[in-house]
Amino acid sequence: MSILVDKNTRVLTQGITGEYGKMHTLACRAYGTNVVAGVTPGKGGTDVEGIPVFDTVDGAVAETGANTTMIFVPAAFAADAVEEALDAGIELVVCITEGIPALDEVRMKHLVNAAGARMVGPNCPGVISPGEQCKVGIMPGDIHMAGSIGVVSRSGTLTYEAVWQLTELGLGQSTCIGIGGDPVIGTTHTDALALFQEDPQTEAIVMIGEIGGTAEEEAAQFVKEHVTKPVVGFVAGATAPPGKRMGHAGAIIAGGKGTAAEKKEAMRAAGIVVAESPADMGSAMQQALRTVGA
Amino acid sequence: MKLHEYQAKEQFRAVGLATPTGVVVTEAADAAKAYIQLEGDLAVVKAQIHAGGRGKAGGVKLVRSADEAQQVAESLLGKPLVTIQNAPDGTIVNQLLVEEGLPIEKEYYAAVVLDRQVETPVLMASAEGGMDIEEVAATNPDAILREPIDPTRGLSAFRARRLAFGLGVPKQLVRPFASTLMQLARVFLNTDASLVEVNPLVTTTDGRVVCLDGKLSLDDNALYRHKDLVALRDESEEDPTELRARKNGLSYVKLDGNIGCLVNGAGLAMATMDIIKHHGGEPANFLDVGGSASTEQVTTAFSIILEDPNVKGILVNIFGGIMRCDVVAQGVVDATKALGLEDPLVVRLHGTNMKEGKAILEQSGLKIVPADNMTDAAQKIVELTS
């Protein structure tokens, strides 16, 4: 078991013939992911190292039974790509593309909700379930290890750092989700926590946030009310100045709100073990597991 | 990207919003001419800088004669205006907006922002115009009314009316007031804004609804489809180092410490700043080189970090997923040689081709201190710079 992606996931890549899309699609396949198709308008009928390429998503779905898409198309075309995937009945949209206009993201989110589908991202590294050998994203597969820790994070490389720390300590992962650093995203921290709570394989959860917005506070409240599994948290940006956007479109302390201190406080109040140093995310999990005697 | 007030008001007028009649001037003598041209007893001279808090800083002045307009213009032009938002250095005033004075009945506040919680743009309005909205939010949050905006259709008429009634706008002005709010929502959607703010939005004694002020910030991710607005960018308002970083595809924010940071990924870059502080140091900057930095980009990143005279050492923290460590290591070595870097340099590399990367650093003959993990890296650079 795992969440979102597993052995039965049938992946297609939108934007498979771009340099980036091709490289990562092949890395996913090498990891064990069942990549069944690619889509690039105008390149239908060709293939990428044996992966058939289609002109349209519905054509690819009809032919291959793909149920998940990984999107690499340029930011200007991402909203259209999401709409096309939803129209073709895709259940899970993993949108890697970064730099999408915020209003397009609002529209994407509304479309995903209306279709009853799920989106991870945009501007994210994707999802990986090591025990299922299924990776739908750009994360380095080899730092992961099969196990029972769920990881959810707004960041890319900081997630890799956390996963590596866990793996070094022998703490494998059920599923790791990078939810993306933009103001409007598909799957939120709270959504991911709900899925991990329901997943029998997941025994504990690492939740990594960053400054900006109130998603971490809402997630902490959810933990308090609904999560029975141990949760470890970290919030990046304690040293970030107010009013400045720190790389991610969503990482900004606005009007004194969205600080790391507030988020950590909300986490602690919900019983989450907060790592003060980003180097202590793995050891905080060890400590949390010891406390519950797991 | 931020626009000046006079540029924002051009966008306002384009959708039919009312603004005071005004003239932009860059010479004090022209301010006197503008006063005469406006034909009223009262005019307002407003410094055009991006920072907020201009009024309290003396950047907005009422004038009652052409001479006074000229004097005020002389006192502002070419000099730094220090507000609460751009302190301590302030911003040099290069342009003034001279506007007609209006017979104000009442001041309101209106803004459009993206509400992350409800995941849609919202129109926020309050009857406490002229006040700092953050102060109102803190002291009297119930005074701020909100309505969601459909990202395609805009602000519904009934929602706009509900806001107007809720703010206690006089009955005979509810219709123009509501249509003003709908037009502000339209500006937000048309320009892909991240903020539209009018403070104050006024009603006049002669029954008009006018945007007395105007603030417009644009979503940087959407600029590709607004070439006309990009042309309005005022680069003199930007920090020169941050500007150079942006032009090189790097995300850089200057801070007050002395340890420069070069990291891949925004989250890890923030975490790197945090761990420096955690071990007693002070980060000099945020710098994300992105997911696929080339040797040239690493060199540019180093030179940007070193533009800051406070920097006494640099910490490189790369967790290579996509990035190969050997490429980064070569970039670090090349940059160190090219720039003649003498400050302490601690490098933590992890990921693809890690061993090859470390070997390149060791064989370079440079005084590069390798680190095994983030704690090790932070402790070493703090020790070397203290």
Side-chain angles (χ1 to χ4, degrees), chain A residues 20 23-24 75-76 98-107 109-110 125 138-140 142-143 153-161 164-165 181-184 208 210-215 218 234 236-241 243-251 255-256 260 276-280, chain B residues 85 113-114 116-117 119-121 133-134 137-138 151-152 188-189 192-194 219-225 251 253 255-257 263-279 282-283 286-288 291-292 317-323 350-352 373-376 378:
Chain A
Y20 203 55
M23 173 175 87
H24 287 294
E98 65 177 302
I100 301 173
L103 283 174
D104 286 8
E105 294 181 337
V106 169
R107 293 181 190 115
K109 179 85 191 241
H110 288 201
I138 61 173
M139 63 289 280
D142 59 2
I143 57 170
S153 168
R154 266 161 81 178
S155 156
T157 47
L158 182 58
T159 316
Y160 310 162
E161 173 72 36
W164 174 70
Q165 288 176 21
D182 284 352
V184 178
I208 303 165
E210 60 190 37
I211 54 160
T214 54
E218 288 149 36
F234 177 74
T239 45
K244 285 278 191 179
R245 218 168 276 287
M246 307 302 279
H248 285 156
E276 276 304 329
S277 161
D280 295 341
Chain B
Q85 284 186 11
V113 292
L114 180 65
R116 297 165 67 151
Q117 229 165 340
E119 299 174 320
T120 197
I133 192 66
E134 280 146 18
T152 311
F188 186 91
L189 299 180
D192 270 298
S194 55
D219 175 2
D220 290 329
N221 285 346
L223 291 177
Y224 71 88
R225 55 189 178 202
S251 185
V253 178
L255 303 171
D256 297 330
V263 189
N264 67 329
L268 191 63
M270 279 188 271
T272 304
M273 288 157 40
D274 295 347
I275 200 167
I276 287 171
K277 177 96 176 173
H278 187 74
H279 289 284
E282 289 289 342
F286 166 93
L287 194 152
D288 172 11
S292 52
N317 185 17
I318 301 290
F319 205 107
I322 311 154
M323 268 172 120
H350 192 97
T352 316
N373 55 53
M374 283 179 78
T375 302
D376 186 34

Q: Answer with side chain, backbone, both or neither: which region of A:Glu218 has an atom nearer than 4.5 Å to a non-hydrogen atom of chain B?
A: side chain
Q. Among A:Pro241, A:Ser153, A:Gly213, A:Gly156, which has the most heavy-atom pairs under 4.5 Å with chain B?
A. A:Gly213
Q) With a 4.5 Å limit on heavy-atom distance, are the side chains of B:Tyr224 and A:Pro101 in contact? A) yes
Q) Do the charged groups of A:Lys109 and A:Asp182 touch, with an N to O distance under 4.0 Å? A) no
Q) Within the distance-only criterion (no hydrogens, no angle test), does the side chain of B:Asp219 pair as donor or acceptor with the backbone N or O of B:Ala193 below 3.5 angstrom? A) no
Q: Could you look at A:Glu210 and say if it's the side chain, the backbone, both or neither that has a heavy atom under 4.5 Å from chain B?
A: side chain
Q: Name the option with the most non-hydrogen atom pairs under 4.5 Å to chain B; the candidates are A:Ala215, A:Ser155, A:Pro183.
A: A:Pro183
Q.
Which one wins on heavy-atom pair count under 4.5 Å against chain B: A:Asp280, A:Asp142, A:Ile211, A:Ile100?
A. A:Ile100
(Q) For the interface with chain A, which of B:Ile275, B:Thr375, B:Asp192 has the highest count of heavy-atom pairs at distances below 4.5 Å? (A) B:Ile275
Q: Would you check if A:Val184 and B:Leu114 make a side-chain contact, meaning some heavy-atom pair closer than 4.5 Å?
A: yes
Q: Look at A:Ala240, A:Ala76, A:Ala75 and state which one has the largest set of heavy-atom pairs under 4.5 Å with chain B.
A: A:Ala76
Q) Looking at B:Pro151, B:Ala222, B:Ser194, which has the largest count of heavy-atom pairs under 4.5 Å with chain A? A) B:Pro151
Q. Any sub-3.5 Å donor-acceptor pair from A:Thr157's side-chain atoms to B:Phe319's backbone N or O?
A. no
(Q) If you count heavy-atom pairs within less than 4.5 Å of chain B, which of A:Met246, A:Gln165, A:Lys244 leads? (A) A:Met246
Q: Heavy-atom distances under 4.5 Å only: say whether A:Ile143 touches chain B with side chain, backbone, both or neither.
A: side chain
Q: Check whether A:Arg154 gets within reach of chain B through its side chain, its backbone, both or neither, counting any heavy atom under 4.5 Å.
A: side chain
**Q.** Beyond-backbone contact of B:Asp256 with B:Glu282, side-chain heavy atoms, under 4.5 angstrom
**A.** no
(Q) Using side-chain heavy atoms (C-beta onward) and a distance below 4.5 Å, is B:Met374 in contact with B:Leu268? (A) yes
Q. Quick one: of A:Ala260, A:Gly181, A:Gly212, A:Pro125, who has the most non-hydrogen atom pairs under 4.5 Å with chain B?
A. A:Gly212
Q | Proximity breakdown for B:Leu189 and chain A, heavy-atom pairs closer than 4.5 Å | A | both
(Q) Contact between A:Pro278 and A:Ile208 at the side-chain level, heavy atoms closer than 4.5 Å - yes or no? (A) no
Q | Pairing of B:Lys277 and B:Asp274 as salt bridge, 4.0 angstrom limit | A | no
